[in-house]
Structure formats: C-alpha cells, structure tokens
Number of protein chains: 2
Amino acid sequence: MNTLDSPFRSQKQRLDDREAKRQAVLRAATQMFNERGFHATSLEDVAASLDISKPTIYHYLGNKDQVLLECVSFGLEQLQEAAETARKQPGTGIDRLRSFLQRYAEINMDDFGRCVIRTGDETLSPDSRRRFRSLKRKIDKAMRELIEEGIADGSIACTDAKLLAFTLAGALNWPARWHEAGGKQSAKEVARHMVDVLTQGFAPR
Amino acid sequence: MNTLDSPFRSQKQRLDDREAKRQAVLRAATQMFNERGFHATSLEDVAASLDISKPTIYHYLGNKDQVLLECVSFGLEQLQEAAETARKQPGTGIDRLRSFLQRYAEINMDDFGRCVIRTGDETLSPDSRRRFRSLKRKIDKAMRELIEEGIADGSIACTDAKLLAFTLAGALNWPARWHEAGGKQSAKEVARHMVDVLTQGFAPR
DNA sequence: ACTATTATATACTCATGAGTATATTTTATG
DNA sequence: CATAAAATATACTCATGAGTATATAATAGT
C-alpha cells in the first residue's frame, strides 16, 4: 500500500483530503465568527484567509447558514463526547459531574465550543435553529442526569436539578466570552477554579 | 400651572414628550433585538411596530448603532444603580453581595438587561464598543469590590475575587438567554434560587 | 399673520454580501 | 488518449437594509 508521497492517491486519501479541506474551512470560519461575529464575517473574508475563493467554500458547504451549523455542531459533538465519557466514569455522582464540568468548561474556551456559546439561536435559519437547539438540549439533559444521579446517591445537594444545570452551564459558558487563549491562566486552570467555586459556593464552610 | 389637557403644552411637557418617544423607540427596538437579534432587525421593522416611519427614528436617534448603544446603556444603568444600592446597605459583605446578585439577575431577565447580555461586543461600532465595554467593566468592578469586602470581613470564602465575579456573573447572565417572561417561575424566584445555589455550592454541607 | 422649528412621511441612493452562472484547469478512469 | 468528474476561479445578479434628500404638516415664538 502506497503511504509515500506518490502523486497517485488512493480514493481514501482523496476523501480524507476533501474532509481536511472542509475542516479547514470550518476552523477558519469559526475563528472569524468568534472574533468579528457571524454577520460581520463574509464568506469572502473566510475564503481570503485561506487564500481560496468564495465559490470554493460553496463547493464544500452549501451556504453560510450551513457553515455555521457545522461549526456549532462540531462544538456540540465535543460536548456530547465529554458527557458520555463522564457518564462512564467510576466514582460518586458529584465526581462524575465535576469531571464533566471541567471538560465542559475547557471546550467552551476552545474554538468550536466558543462558537456554540457565542451563536445566538436567532442567527441560524429556522431549520438549523431546530437542530442547534435539539443538540443543545441533549447536552443539557446529560448534565441534568449527572446531577440527578448525584442527588440520588447523596453526593450532591440540590432541590432543582434543572435550575442547577442552568446555573452551572451559565457560569461555565461565560468564559467563551472573556477568556482568551494566550491569557495568564490556561483554560484548564480557569475551569478547575470555577468548578471548585461552584462546588463549594462562596459562603464559608 | 397648566397640568390639564390643554393643547398648549409647556416647554417641559414638550421635552418630556420627546423623551417619552425616544424611550418608546428604545423599548421597541430592545424587544425586537432580543427576539430576532440585532442584525435580523431593521429599523424599518422597529418603526413599523410603533406605526411610525423609519426617518422618524432617525429624527430621535442618530443611527442604528446608537440605538443599540442606548438600549444597552439603559440596561447597564440599571445594573449600576443596583450596585450602588447594594453598596449602601447594612450587613456583612456576603449579605450585600447577595442582595446585589439578586437584583443583578432580575435585571438580566428584563428587556434592557437581556439586551446587554445578548449583545456581543462585536455588534457595536468601535467607538460604541469602547463605551459598552467600559460600562460593563464598571459593573464587574463593583461586583468585585463587594466580594473583596466580604472576604475582608470573613463572610465570603474565596481565593480569587476576579474569577468569582466572572463565575457569578456568568451564571446570572445566562437566564437572559433562556428565561421568558411568562414562564412558570418568575424572574424573582429564579434569581433567588440561583443566588442560593451559588452561595452554598452543590456539595452537601 | 409671518417665520422658524419640530415632527413626520415618501421616495430615493448606495454599499454590501450571499449566492450563482460559467469558464478553466486538474485528476481519475474506461 | 478521451471523456467524465472534481476543484477552483472570475465575474456576475440580486435582495436587503442603512441612511438621506426632500416635501409637508403642525407648532411655537415674534
């Protein structure tokens, strides 16, 4: 099998190639959306940043709405994975929840996660919006279930799992707005600290 | 002095009139921005919702950017007031902080406060953005000071006031995205519950 | 009554940017 | 090789919506 740099690529290689280009477009788009906002970013800008032309983007992706949908879907997939990983872990409910929250926060400081947070539902077309919402609801549900498991085993103190989930999500979404990659504290540090604060509360124990 | 409905209004009355109209425009704009998003809302839409024409809006406000800036400024003023009120209150640091947080959350579920949260910095022109950021920084600073006072008097347990402020703000900003006026729980209830959770943490005591 | 000012509307201009028609080149395969 | 398919570009169209020029009615002040 030809793994060297022959000019004749296998079909798989070509498909991978295509996929890599799609990804590159999405990555570039995500970064620009995050910096300037979706509406202030034209696909021409995105194309230019990759030294390609606008129609090339349309060759790989249907339209601007779809570009955005894929960007956020990617972020939401990462979150979904994080939830599944946490679910499988050993330990008490609170341990699993904390481990999820840690990862959740980290993802929200990364390109695609940030995009999820910074994208308002209204930005997407009605169809995409439904998808977007439905994916977000899944994450929310996963978080709620982790909480409920913790309540059940007594490791979490809480009277309203839904509201707790919103509270935690809100706190851990916010860094998507203010944290910047090169900052003093790494995403990991920020996440850890926030999760601790949320766990303990700010009233002395 | 003529306080009845004479057709001859005093200068003050006329100024008030003008101000009332400005306010009406801002209120209508805020609501539409919150629902559809800034970019999906044309000033023509806003005008139509008030049964006036677009140039009338331009008669009262310079341009769309300014409309948005005034909307968010209004929300930020409310938050500023809340901060000042809390500062003046008696009690320990944690009491004053909690009282601020309560009000903070409530405002964020109201038209103008919501607009503050839902408006990304990138949405505004560079000049307005600077104003917007500077006003937000003030609120953040106020929250941080309340926290520091609480740390000083031992009523708040915290090692990083800045990060705690971000954490609390994030959690209490989030309802601007999901809470709706006619929902099951009133803004006040949601706020109270969230503040409690944040105070106590979710680890059993 | 006469003029200036304020409030409002109609009917434009103009830039931007999404999306496309079409041409061209490269790559793959019978 | 010849032809089909994929990749890329140039150069358009076209809708939208911000902002304006201009007209008119109402109100205020002289």
Side-chain angles (χ1 to χ4, degrees), chain A residues 2 5-26 28-29 32-33 36-71 122-128, chain B residues 2 5-26 28-29 32-33 36-71 122-128:
Chain A
N2 182 2
D5 58 346
S6 150
F8 302 95
R9 283 157 301 149
S10 71
Q11 179 153 10
K12 181 179 184 310
Q13 278 174 320
R14 270 181 285 119
L15 279 175
D16 287 356
D17 227 50
R18 192 185 164 85
E19 189 51 29
K21 287 179 187 171
R22 254 178 80 99
Q23 289 291 330
V25 170
L26 293 178
M32 282 186 132
F33 292 162
R36 320 181 178 182
F38 177 76
H39 290 285
T41 305
S42 76
L43 288 189
E44 222 148 60
D45 293 338
V46 176
S49 83
L50 292 165
D51 274 306
I52 59 175
S53 71
K54 182 169 53 157
T56 298
I57 292 185
Y58 281 90
H59 182 67
Y60 291 98
L61 294 150
N63 55 30
K64 201 185 175 188
D65 177 67
Q66 201 191 326
V67 172
L68 180 56
L69 179 62
E70 301 241 352
C71 289
E122 342 77 49
T123 314
L124 290 154
S125 72
D127 279 352
S128 303
Chain B
N2 182 1
D5 57 346
S6 148
F8 302 96
R9 282 157 303 147
S10 71
Q11 178 152 11
K12 179 177 185 313
Q13 279 173 321
R14 270 180 286 119
L15 279 175
D16 286 358
D17 226 50
R18 192 185 164 87
E19 189 50 30
K21 287 178 188 171
R22 254 177 81 101
Q23 289 290 330
V25 170
L26 292 178
M32 281 187 134
F33 292 162
R36 321 181 177 180
F38 177 76
H39 290 284
T41 304
S42 75
L43 288 189
E44 220 148 63
D45 292 337
V46 176
S49 83
L50 292 165
D51 274 306
I52 60 177
S53 72
K54 180 169 54 157
T56 298
I57 292 184
Y58 280 90
H59 182 68
Y60 292 99
L61 294 150
N63 56 30
K64 202 184 176 189
D65 176 68
Q66 200 192 328
V67 172
L68 180 56
L69 179 61
E70 301 240 352
C71 290
E122 343 76 51
T123 314
L124 289 154
S125 72
D127 279 351
S128 304

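Since the structure is predicted, the reported quantities are computational estimates derived from the model, not experimental observations. To find a chain, count down the sequence lines: A is the first, B the second, and so on, and within it residues start at 1.
Between the side chain of A:Asp65 and the backbone N or O of A:Leu124 there is no donor-acceptor pair closer than 3.5 Å. Checking side-chain atoms of A:Thr41 against main-chain N and O of A:Gly37 turns up a donor-acceptor pair under 3.5 Å. Under the 3.5 Å distance criterion, the side-chain polar atoms of B:Glu70 are left unmatched by any main-chain donor or acceptor of B:Gln66.
Here A:His59 pairs with nothing under the ring pair (Phe, Tyr, Trp, His ring centres under 6.0 Å) rule; sequence neighbours left out. By the salt bridge (charged side-chain N to carboxylate O under 4.0 Å, His left out) test, A:Lys54 is found to be paired with A:Glu44, residues two or more places apart in sequence or in another chain being considered.
Within 4.0 Å (heavy atoms only), A:Ser42 reaches sugar-phosphate atoms of the nucleic acid but no base atom.
For the pair B:Lys64 and B:Phe38, the cation sits on the ring face: its NZ or CZ lies under 6.0 Å from the ring centre, inside 45° of the axis.
Dashed line: the shortest gap from a side-chain N or O of A:Arg18 to OP1 or OP2 of D:dA6 is not under 4.0 Å.
Look at CG on B:Leu43: it is 16 Å from P on C:dT8, rounded to the nearest Å. As rounded to whole Å, 12 Å separates atom P of D:dA18 from atom CG of B:Leu68. A straight line from CD of A:Glu44 to P of D:dT10 spans 11 Å, rounded to a whole angstrom. Regarding B:Arg22, its CZ atom lies at a distance of 15 Å from the P atom of C:dT6, rounded to whole Å. For the pair B:Ile52 CD1 and D:dA25 C1', the interatomic distance rounds to 17 Å; values are reported in whole Å.
Listed by residue number, the members of residues 54-67 of chain A with any heavy atom below 4.0 angstrom from DNA chain D are A:Pro55, A:Thr56, A:His59, A:Tyr60.
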